[in-house]
Amino acid sequence: MTAIVNEHIQPALPPPPVRRRWNGTRTTGWIALAVMIGLLGGLSLYLILAWDSELVAKYAPKYWKGLQITLGLVATSLVFGAAMSLPVAMARLSPSRTVGALAYAYVYLFRGTPLLAQVFLVYYGAGEFRPELQSVGLWAFFRDPWNCAVFAFALNTAAYQAEILRGAIQSVAKGQWEAAEALGLTRLQAFRKIILPQALIVALRPYGNEIILMLKGSAIVAIITVLDLMGETRRAYSRSFDFQTYLWAAVVYLLMVETIRNIWERLEKRLTRHLRRDG
Amino acid sequence: MDEMLALLSLGDTGWGDEIASGVGVTISLALATLPLGLLIGFFVALAKQSEEQTLRLAGNIYTTVFRGLPELLTLFLVYFGAQIGIRQLLLAMGSETTIEINSFLAGMVALGLVFSSFSSEVFLSAFRAIPRGQYEGGYAIGLSRFQTMRLIILPQLIRIALPGLSNLWMILLKDTALVSVIGLSDIIRQTGIAARVTKEAFLFFGVACLLYLALAILSSIAIGAINHWAAKGDAPR
Amino acid sequence: MRFLKQLTLTAAALATAAALSSAQADGMKLKIGTEGAYPPFNNLTADGKLEGFDIDIAKALCAEMKAECTFVTQDWDGIIPALQAGKYDAIIASMSITDERKKKVDFTEKYYNTPPAIAVPKDSALKGTSPADLADAAIGVQGSTTHSNYTEATYTDSTVRGYPTADEYKLDIASGRLDAVVDDVTVLQEWLESEDGDCCKLLGTIVPDPAIHGEGAGIAIRKGETELAQKFNAAIEAIRANGVYKSINDKYFTFDAYGG
């Protein structure tokens with residue numbers, strides 16, 4: 001049977017290969033790529049050639065310590081921020097206008113001003129109000145620069161996370177609430193079991209971005225004497241005056257951000273398996 | 001209260017004029033960075049949606065690097081690195097000339113690199129939202145590639161990209177604060193000096209926050225106007 | 001109006017930002033880099049003029065060398081990189097001559113040498129300046145200085161915090177965030193005698209460690225420019241001999257800052 005078919009119906013020839021011509025775009029492409037590779041390769045080559053085992057032995061442990069401070073700071077701020085973002089998001093969705101306006105003011109204030117200004121406000125502002133803070137027993141907390149940083153970062157990320165959460169909750173179709181109500185679930189039950197799981201999937205990508213933003217933003221704590229990765233880098237540079245100290249920090253930050261992005265992409269793929277039609 | 005007003009007044013005793021000059025620096029830096037960031041971002045987006053693999057790869061490397069680095073680190077890399085790099089290059093060419101990179105220029109370049117890596121993504125998704133037929137239509141009526149881009153694609157592209165770009169502008173405005181660290185006398189640095197001298201840290205950093213808020217509000221008004229203007233071209237539905 | 005003027009000025013500054021500038025080291029024109037935040041050695045007055053011991057010495061040296069000098073201020077963190085990049089030709093900013101720095105720049109002979117000291121809040125219970133006395137204390141220093149290097153190496157049981165300028169640690173010791181600060185004795189004394197230094201008192205001086213503190217403050221120049229270094233050295237010797245140094249010294253200090 002197949003023999004007959006093959007005999008009578010000629011198999012279609014594959015399309016002729018597209019001749020890729022050497023045109024302007026292609027030249028630009030190669031030049032652009034060459035420049036990129038030249039720059040990155042040059043920097044890598046510089047890092048290899050300038051490899052100074054004395055320098056590395058002296059500063060690598062310090063970078064490691066700084067990295068741990070950075071990660072601890074970011075993780076703590078994100079967790080506290082997440083906890084605080086829930087009531088703020090609820091307030092933003094509240095039917096009461098005053099509550100909604102207050103929450104909006106909070107969000108606008110923290111999203112509309114630079115994180116650096118917020119950190120300075122908390123750190124040096126707290127120093128100014130020492131007697132008042134002492135009388136309520138809070139000075140011990142604000143005395144430490146690390147605590148001040150976490151305090152400012154958590155307030156900041158709470159505002160961003162609240163907006164992520166609010167957007168996600170609003171993106172869940174109204175029919176979902178109605179269906180839950182029809183099933184006899186209370187509003188809290190409906191929120192917890194029906195709405196939140198769906199909202200979190202929508203929020204997943206912006207949450208990932210927020211983690212990366214926080215990680216990058218945390219570099220400013222070096223200015224209020226916290227020795228995070230950036231702080232250790234600046235210290236190493238100011239003692240060695242060797243530019244590779246900054247390049248190494250860049251490598252570490254890039255690796256961290258790319259790792260988070262990859263983990264997040266996988267997480268997203270896994271959590272949205274049920275929404276895909278092709279698999 | 002009177003005391004606070006005196007501290008914020010203009011003239012020799014108050015800090016009002018110093019802070020106002022800081023506001024000027026912040027605005028100038030943001031405005032100077034914007035065209036640079038938009039231009040580079042546009043070309044990187046062109047590269048990333050090109051049919052040429054090498055161009056796409058180059059565009060993606062660029063975005064990955066400048067999106068992944070902390071803005072503060074990018075700033076230091078440009079400020080210290082470019083200075084050393086350029087001098088080495090000039091010395092290698094046998095020139096004793098020095099090119100000075102001041103903190104304004106370093107801030108502009110660093111923030112421009114960051115801005116362009118994000119804006120290229122905005123442009124890219126806007127490019128993808130424009131159907132191929134629009135290009136084909138352009139070619140069909142005899143327009144050149146450049147004319148098609150300028151007359152047909154770009155006006156639509158700008159309209160689609162506007163919300164994303166306004167968002168980036170707001171981020172840029174806040175990111176300029178980092179340049180105070182390399183010595184540019186912007187809002188943060190000027191209020192910081194005032195705070196140290198007068199010991200009124202809360203007042204002055206509070207003022208700094210309010211100034212950024214005011215700039216953000218002004219920006220949203222301006223963006224609203226631009227949006228309105230851009231939407232005029234929309235066909236009535 | 002002023003605001004608008006500033007805007008146009010900044011725009012103009014931008015236009016010339018990458019302007020070429022020629023670094024000449026022929027003794028005719030010199031650009032001197034300094035920090036401008038380290039009284040009484042170098043600081044900015046309220047109307048933005050540089051003053052202090054370093055500045056007066058620099059002017060005297062330039063007059064001695066018959067050089068036309070202009071001053072450039074630069075944050076401490078970037079003061080050596082900016083020298084290497086050619087932003088100026090010499091650093092006269094109370095920079096201690098240390099082995100670490102000698103790897104990157106050349107130094108002249110010292111032009112002064114004063115010991116470091118510790119200041120504490122007035123109500124402080126701290127008695128001595130030894131590492132044991134200051135165990136568990138939070139000590140503030142200006143980052144990237146010999147004082148920060150020394151404090152980190154010596155006071156290992158204390159928390160050492162590095163600040164971008166001296167102004168910030170002053171703010172933090174006044175608020176009680178720091179238990180002590182370490183800096184040059186003359187710098188601390190100047191501050192303690194001012195209204196600002198009302199919070200604090202001098203605890204005592206520290207015997208300098210030559211390995212860390214070096215042999216005093218010198219003028220830093222780019223590597224290999226020995227001719228310029230020799231000119232500076234000759235000028236330092238000359239103003240020491242002709243009494244100019246002494247008259248500047250007496251304007252600021254009650255003792256000879258040149259040291260033994």
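What's counted below: heavy atoms across the whole structure, side chains too, no hydrogens, waters or symmetry copies. Below, chains carry the letters A, B, ... as their sequence lines are ordered, and counting in each starts from 1.
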- Against chain B, label A/Tyr123 side chain, backbone, both or neither, depending on which of its atoms sit under 4.5 Å from a heavy atom there. neither
- Item | B/Phe80 and B/Phe76 aromatic ring geometry - parallel, tilted or perpendicular at 30°/60° bounds | parallel
- chain A: which of B/Gly81, B/Ser50, B/Gly59, B/Ser219 shares the most heavy-atom pairs with it under 4.5 Å? B/Gly81
- Message: Under 4.5 Å from any heavy atom of chain A, what part of B/Ala177 do you find: side chain, backbone, both or neither?
- Response: both
- Message: Less than 4.5 Å to any heavy atom of chain A: does that hold for the side chain of B/Arg67, its backbone, both, or neither?
- Response: both
- Item | Residue B/Leu173 versus chain A: region with a heavy atom under 4.5 Å | neither
- Is it true that a side-chain atom of A/Gln118 and a backbone atom of A/Phe110 form a donor plus acceptor pair closer than 3.5 Å? yes
- Assign the ring pair B/Phe202 / A/Phe129 to parallel, tilted or perpendicular, where the plane angle (0 to 90°) is split at 30° and 60°. perpendicular
- Item | Residue pair B/Trp15 / B/Thr198, side-chain donor-acceptor N/O under 3.5 Å | no
- Query: Is it true that a side-chain atom of A/Thr76 and a backbone atom of A/Gly72 form a donor plus acceptor pair closer than 3.5 Å?
  - Reply: yes
- Any donor-acceptor pair under 3.5 Å linking the side chain of A/Thr70 with the backbone of A/Leu229? yes
- Query: Considering only heavy atoms, which portion of B/Phe204 lies under 4.5 Å from any heavy atom of chain A: side chain, backbone, both, or neither?
  - Reply: neither
- Give, as side chain, backbone, both or neither, the part of A/Leu109 having an atom under 4.5 angstrom from any heavy atom of chain B. both
- Note on the structure: In terms of heavy-atom pairs under 4.5 Å with chain A, the winner among B/Ile187, B/Leu57, B/Ile61, B/Leu77 is B/Leu77
- Hey, which of B/Ala58, B/Pro70, B/Ala216 has the most heavy atom pairs under 4.5 Å with chain A? B/Pro70
- Let me know if A/Phe243 has heavy atoms under 4.5 Å from chain B in its side chain, its backbone, both or neither. side chain
- Ordered numerically, the heavy-atom neighbours of chain B under 4.5 Å found in residues 213-225 of chain A are A/Lys216, A/Ala219, A/Ile220, A/Ile223
- Pick from B/Leu211, B/Thr191, B/Ile188 with the largest number of heavy-atom pairs that fall under 4.5 Å of chain A: B/Ile188
- Message: What I want to find out is whether A/Glu268 reaches A/Arg205 closely enough, with some N-O distance under 4.0 Å, to be called a salt bridge.
- Response: yes
- Does B/Arg132 make a cation-pi contact with B/Tyr135 (under 6.0 Å, within 45 degrees of the axis)? yes
- Examine the side chains of B/Thr63 and B/Glu121 and answer whether a donor and an acceptor come within less than 3.5 Å of each other. no
- Query: Do B/Glu18 side-chain atoms and B/Gln190 backbone N/O form a donor-acceptor pair below 3.5 Å?
  - Reply: no
- Under 3.5 Å side-chain donor-acceptor pair for A/Trp248 and A/Gln244: yes
- Query: How about A/Phe151 and A/Phe142: are their ring centres within less than 6.0 Å of each other?
  - Reply: yes
- Message: Under a 4.5 Å cutoff for heavy-atom pairs, which residue among A/Leu255, A/Val257, A/Leu121, A/Leu39 has the most contacts with chain B?
- Response: A/Leu121
- Task: Say whether, by atom type as modelled, one donor and one acceptor occur between the side chain of A/Tyr63 and the main chain of A/Thr245 under 3.5 angstrom.
- Result: yes
- Note on the structure: Ranking A/Arg111, A/Met36, A/Met256, A/Arg261 by heavy-atom pairs under 4.5 Å to chain B gives rank one to A/Met36
- Part of B/Ser220 within contact of chain A (heavy atom distance under 4.5 Å): side chain
- So which of B/Asp175, B/Thr64, B/Leu203 has the biggest tally of heavy-atom pairs under 4.5 Å with chain A? B/Thr64
